[in-house]
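Inspection log for the structure reproduced underneath, given as structure tokens.
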Amino acid sequence: MDLTRYSKVIVQGITEKISTQIALAMKSFGTNVVAGISPGEGGKQWHGIPVFSLVEQAVAKVGVIDVSVIVMPAYQVLDAALEAIASGLKQIVIITEGVPPLDMVKLLRKAEATETLIVGPNCAGIIVPDQFLLGTHPTRFYTPGPIGIISRSNTLTYEVAWELTKSRLGQSVSVSLGCDPIVGSSFIQWLQILDEDDDTELIVLVGEVGGVSEEVAASYISETIDKPVIAYIAGTYAPINKNYSYASYVINAIVGRKTESKIAAFEEVNIPVAKRPSDIPSLVRNSLEK
Amino acid sequence: MDLTRYSKVIVQGITEKISTQIALAMKSFGTNVVAGISPGEGGKQWHGIPVFSLVEQAVAKVGVIDVSVIVMPAYQVLDAALEAIASGLKQIVIITEGVPPLDMVKLLRKAEATETLIVGPNCAGIIVPDQFLLGTHPTRFYTPGPIGIISRSNTLTYEVAWELTKSRLGQSVSVSLGCDPIVGSSFIQWLQILDEDDDTELIVLVGEVGGVSEEVAASYISETIDKPVIAYIAGTYAPINKNYSYASYVINAIVGRKTESKIAAFEEVNIPVAKRPSDIPSLVRNSLEK
Amino acid sequence: MDLLEYQAKALFSEMGIPVLPSQKIDYPKDLKRLKIPYPIVLKSQVHTEERNSLGGIKFVENTIDAVAAAQTIFNLPIKDKYPVVLLAEAKYNADQELYLAVVLDPIVRRPLIIASKQGGIDTKTAMKSMQKVVVDQEFSPFYARRLMVKIGLEGKLIESVSYIVEKMYQLFLEKDLDLIEINPLGISPKGEVMALDGKVSVNNYALGRHPDLGSIAGKNISNNYAIKQKELKEIDHSSLSVMSNINVASSETLISDYRLKFTELQGNIGILCNGEGLTMATVDMVIQAQGKPANFLNIKLGDYLELKDRYQMFAALDLITQKENVKVVLINVIGIVETSDELITIVYEYLNKFKSIYQARIRFVFRLLGGKISKARERLLGLPVEVIENLEDAVSKAVSLSE
Amino acid sequence: MDLLEYQAKALFSEMGIPVLPSQKIDYPKDLKRLKIPYPIVLKSQVHTEERNSLGGIKFVENTIDAVAAAQTIFNLPIKDKYPVVLLAEAKYNADQELYLAVVLDPIVRRPLIIASKQGGIDTKTAMKSMQKVVVDQEFSPFYARRLMVKIGLEGKLIESVSYIVEKMYQLFLEKDLDLIEINPLGISPKGEVMALDGKVSVNNYALGRHPDLGSIAGKNISNNYAIKQKELKEIDHSSLSVMSNINVASSETLISDYRLKFTELQGNIGILCNGEGLTMATVDMVIQAQGKPANFLNIKLGDYLELKDRYQMFAALDLITQKENVKVVLINVIGIVETSDELITIVYEYLNKFKSIYQARIRFVFRLLGGKISKARERLLGLPVEVIENLEDAVSKAVSLSE
């Protein structure tokens, strides 16, 4: 992960009410928010943050920018992200919910070609406790420590973080990848990032039964991840209709994915699976003591 | 130039009458034509050339392919070229005339991203005398030797080659870049290629007054090309209306290009300029003797 | 949002995908003004797979038979749904039937084009011999040709069926679809192709930029979710009457939203959470503690997402509490700080206003983490609600109250 | 192929670019059924820059003045062209006028979006303060915003004018344009934008995939190249009569092709070559040898390009030889092997059939390189033509014959 508390961060869409709240929360947590972007409002100061009309103007003023946090209306997210990429940014966190999936496909083709990391959309983003926040994690649930969290949920991530924090198991990084069907970076990308992260000793992976990428992650972990991993999959008892749309029925039929086998997939490769959030701290301690 | 007589060549669109003529002429000159592509005709033999429905099938059969020569209907050229690129080809010669310019823009974005060399459209292609032919140069005008020819014309290139051949000045390579406004590779790219080509001692650059890239080439030559260059610009006496369309008026106005200054541009950087094709051999000899 | 066959075919036709001459039948008597020559096929316009096996498709040779068949189909519920419209279509003499579809793969995060030579009524058979091509980069027709070669087409069919896939992909992109399917694509003895049946699912997120599809969506919802809407109206009258404040347009989103997230079960604990993962986790925990969920509902509440519609929250509480079997409602909300005051107020108003109705029957457990819990306790004092911060405790409490 | 203002505006309107209410006027009396309130502006629909300074635009306040003004404009040639249609348009109160365009740059091989704050009637002034942005990768609206910031727009105008550029770009792509220009884009005191005048040039190569534009093109050609067509018809009657065999559709391409490549001059040597570069080189050499070209024409003939239309070659020879001043015709053809027999036959037939007309007046020099020169010599023996292989010799011969 190419991010530190000194990484330069911009917020695209800063002058909307929600975006401003997010930017200020990030800043007050210590994140180095160097600029906000809002076309037509360039030149202003917004709660102490300089505003530019274009990303390239911000780059011209403050130099290379490391991350953009995008909080734009859903149909403007693709353009905002492409603008950030065209201005040389290599890491983008999209908070906005409701980005059309085919906009994400376009964005991901470009992101892959330019080696840009996309987190989200519809995500709480990245938090490194006591260091910086890129997104909307409520900071009070976190405390620094050696546990990395990777999750497809937002609020459930907070629950897991809070269980760890209550048990005095601090976190190195917590990343919420986004709750939408098509998200920018996958479990696998982040398993790799946290496997290489010096501050992370153990990874907690929080999945959902409705999701589709967890079992892919299970085999990946067994093959390439050296650090211990604990999995927690919500919805294993809940009677959830996994194929609620015809489109997902077709997809599952053609690619032969079985959502039922998720927990088995982890257990097969000896990854401990928590039954509930409050199980996680003891599983973590067991793994760390080994 | 990453091409030899052993380079594997396919012809896309092989079963059309014109394409077949071109393929057979190439083959009889010694070009290693390994396959033809024609959807729906895969599995046939066409005048001794195996035909495949897809480029990837040809690759599966004969291994990495070096060049595709595309002779498809104009509106199918973009797709054919993208198919070739997706199958790993790095060099494409487009013979077809009438490819819509915005198709070329799309293709060139992809070609640049994948480092694919595109020659054409509407070009006679590449000939290395006595070695191989990728396109439609009439082979009888050529003979092997140390002179490279780069041209935006087709028939005028033959005239120049014939003048050289008559004067016992053989050619290392002759490339016709294409007569359409938007072509895949530029004078500059080919100046660079021929500057690095061991068999080329001197480069003849054949331009037209109506063209726009010749003066860009002049300054490039003076800055980076080590080998001697002779220029010939057709149309300097002819009363040609250079800005016949409003679009080119606007373009010239906005980018400040002066087509009149072409010969001056070459003379300024001490590149000899031929007044007529028959001048070229003596200018070449002068330059080579220096 | 799924389109009905006749709506899908209208899009096909606009795009240049060949479809048979057809006519929309709103009433059996419309068949008397039929412009297509007999024999024709009458098809129930419902969203289900088993339309044919359940009798929703009939071939008829003349007007008398057609009117009778139409009456039968209009009165035939298919998986609980009555058709509002039938489609009358010319017959087609297909030599061969293919399956074609474009769909988005959430793992590879690219569209797939898929095809099978075993097209026809039975999708499952088609699935067995299905081939796929990932549209890795921007679409170009060669992707379609690759697929055609994979399923073993030959000769001119490679290009003619590729052309249909190309047009399908174009629709997929232009209209932001989740799925476009032609099954079967009929191929005549002469090699002509014809889309005989089709499915189109529109992505809900993108509906806002396709007003044409939005209006179709509105129509389908009012037709097909009629039962659901009826249910909601009953709630209106019996309890909060909030739904009547919501105009048609917004109630649609509301309902289609609930349709995805609201699940009804047989137990006695209603569960309302913010966030899908949290909802599933909470339901898991209730079941693990031997509790029986009556339903569960995920409602979006976050620190930065405005609680913009109080009515929506009221409606959500209504949905959870409506059924006779609900004894306990567990509200589990986490991570809202800025908006917790507002949520507390809503819960306060909801419980207060309807104390008389619910006090006897339903107890509430309100789990609030990261909000102002002491303020909640203070404000909700005297109402039938327990405010608890710890999730395990809240679940235990809800389960014990339900016993 | 250039569209007229009213045609361009119809495209703008389809795309959602705001244009004023307007009405096409075919005859002055149409103004009596005008649906737009006065005052209006009447504009001559011709393809030229100086329409305003030459009197092609008039403001009128009532019907009587409007009819009179329309009669004047219909009878006013602008650079030799009479309008076939006028456009009547509402007046607009613009506070500020911008220049906007999208055009393809052949050097960087990418579209450029360009803008100037000095929009208005005088394009040259606009050009001076022009800014450009290269659309390097696939277009996204940020390219337009960059341009707006470059020309110094501020506030809400950045997004509202960007939106217009976005729509212009979309048209540029969808319709395969060479150019789309709005000049001026009027901005009202309230900040509303309006396309007050516009130009659209369609790429000729792409016309075949835009049948809608193709039909507009046909109309414009028949209107605007009326003079050219008349000339061609005269040739028909006086000599070959080949043009009458060509239907309207193909004569358009032919004419628009000639319009690009056929140039008439004051000399006495007609020049016909295959290839543009070769044509220019040949003309240069004739001039260098003190010869005086009467005209020059580039016709496509190659080894692999079929000589598919003999009529086209006949028409080309006709164009070259038609004028009284032509004394010598120099045909310079190179690199055709497969098709040289056919060319020789055409030249043979042409010269033979019309020997009686031309023998006295015109001598031919036929330079053929790479074809069957001895066969040509043999076949054309006795006709008024010299067959020569060497270009220098052919040029010398042509010049000496012309003296």
Side-chain angles (χ1 to χ4, degrees), chain A residues 17-18 21-22 25 71 74-75 95 97-105 108-109 136-138 140-141 151-159 162 179-183 186 206 208-210 212-213 216 234-241 244-247 250-251 253-255 257 275-278, chain C residues 2 47 49 101 103-107 109-112 114 123-124 127 130 132 136-138 172-173 176 178-179 181 199 201 203 205-206 208-209 260 263 265 273-281 283-285 287-288 293 296 300 302-306 333-338 369-370 391-392:
Chain A
K17 187 182 160 208
I18 292 170
Q21 288 175 359
I22 293 173
V71 206
Y75 296 166
I95 306 301
E97 183 191 351
V99 179
L102 292 180
D103 281 8
M104 285 308 297
V105 170
L108 292 172
R109 285 198 185 113
T136 60
H137 291 269
R140 64 184 65 190
F141 300 138
S151 169
R152 276 296 293 265
S153 306
N154 290 334
T155 47
L156 185 55
T157 315
Y158 316 154
E159 189 79 52
W162 181 235
C179 312
D180 280 351
I182 307 286
V183 292
S186 62
V206 182
E208 292 172 16
V209 162
V212 279
S213 49
V216 181
T236 50
Y237 291 79
I240 290 163
N241 179 5
Y244 43 71
S245 82
Y246 183 69
V250 170
I251 268 289
I254 176 75
V255 297
R257 291 178 194 129
K275 284 201 155 53
R276 49 209 293 146
S278 56
Chain C
D2 293 336
H47 289 286
E49 291 315 283
V103 68
L104 191 55
D105 184 338
I107 294 277
R109 299 176 295 186
R110 292 291 191 277
L112 302 180
I114 57 186
T123 311
K124 275 175 195 141
M127 288 294 168
M130 202 69 85
K132 67 168 201 274
D136 186 44
Q137 298 298 308
E138 210 182 322
F172 183 78
L173 272 198
D176 275 299
D178 282 336
L179 167 108
E181 179 186 272
K199 282 197 177 54
S201 304
N203 184 265
Y205 281 166
R209 59 186 182 193
L260 286 177
T263 308
L265 303 164
C273 305
N274 66 333
E276 185 146 9
L278 189 67
T279 308
M280 286 194 244
V283 173
D284 276 358
M285 287 172 72
I287 294 172
Q288 285 168 349
F296 53 92
K300 275 153 204 146
D303 232 1
Y304 302 104
L305 299 163
E306 292 167 71
V333 172
I334 179 169
I336 65 168
V337 183
E338 308 293 328
L369 178 65
L391 179 55
E392 294 283 346

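Note that these values count all heavy atoms, side chains included, but never hydrogens, waters or copies made by symmetry.
Only the backbone of A:V183 comes within contact range of chain C, with at least one heavy atom under 4.5 Å from a heavy atom of that chain. With a threshold of 4.5 angstrom between heavy atoms, A:R140 approaches chain C through side-chain atoms but not through N, CA, C or O. Of the two parts of C:L369, the backbone and the side chain both hold a non-hydrogen atom closer than 4.5 Å to a non-hydrogen atom of chain A. Using a 4.5 Å cut-off between heavy atoms, A:V206 makes no contact with chain C at all. Only the side chain of C:I114 has a heavy atom closer than 4.5 Å to any heavy atom of chain A. Heavy atoms of A:S153 lying under 4.5 Å from chain C belong exclusively to its side chain. For chain A, the nearby part of C:L265 is the side chain; its heavy atoms alone come within less than 4.5 Å.
Between chain C and the options A:Y75, A:F141, A:Y158, heavy-atom pairs under 4.5 Å are most frequent for A:Y75. The residue among C:A101, C:A281, C:G275 with the most heavy atom pairs within less than 4.5 Å of chain A is C:A281. The residue among C:D284, C:V333, C:V103 with the most heavy atom pairs within less than 4.5 Å of chain A is C:D284. In terms of heavy-atom pairs under 4.5 Å with chain C, the best-connected choice from A:P277, A:P101, A:S151, A:S186 is A:P101. Ranked by heavy-atom pairs shorter than 4.5 Å toward chain A, the options C:V283, C:D136, C:L112 are led by C:D136.
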Step by step, would you call C:L391 with A:E159 a side chain to side chain contact (heavy atoms under 4.5 Å, CB included)? CA-CA 9 Å; C:L391 179 55; A:E159 189 79 52; 3.6 Å; yes
Stepwise, does the side chain to side chain contact (heavy atoms under 4.5 Å, CB included) test hold for A:Y237 with C:M280? CA-CA 8 Å; A:Y237 291 79; C:M280 286 194 244; over 6 Å; no
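Here A:R276 pairs with C:E392 under the salt bridge (charged side-chain N to carboxylate O under 4.0 Å, His left out) rule; sequence neighbours left out. Take C:N203 and apply the side chain to side chain donor-acceptor pair (under 3.5 Å) test, not counting sequence neighbours, and it matches C:D178.
A:L156 and C:L278 make their closest contact through CB-N, 3.8 Å (heavy atoms, listed as atom of the first residue, atom of the second, distance).
Side-chain contact between C:Y205 and A:V99 is absent, with no heavy-atom pair separated by less than 4.5 Å. Between A:T155 and C:C273, the closest side-chain pair of non-hydrogen atoms is not below 4.5 Å.
Under a cut-off of 6.0 angstrom, the local environment of CZ in C:R209 is crowded, with over 12 non-hydrogen atoms contributed by other residues, nucleotides or ligands.
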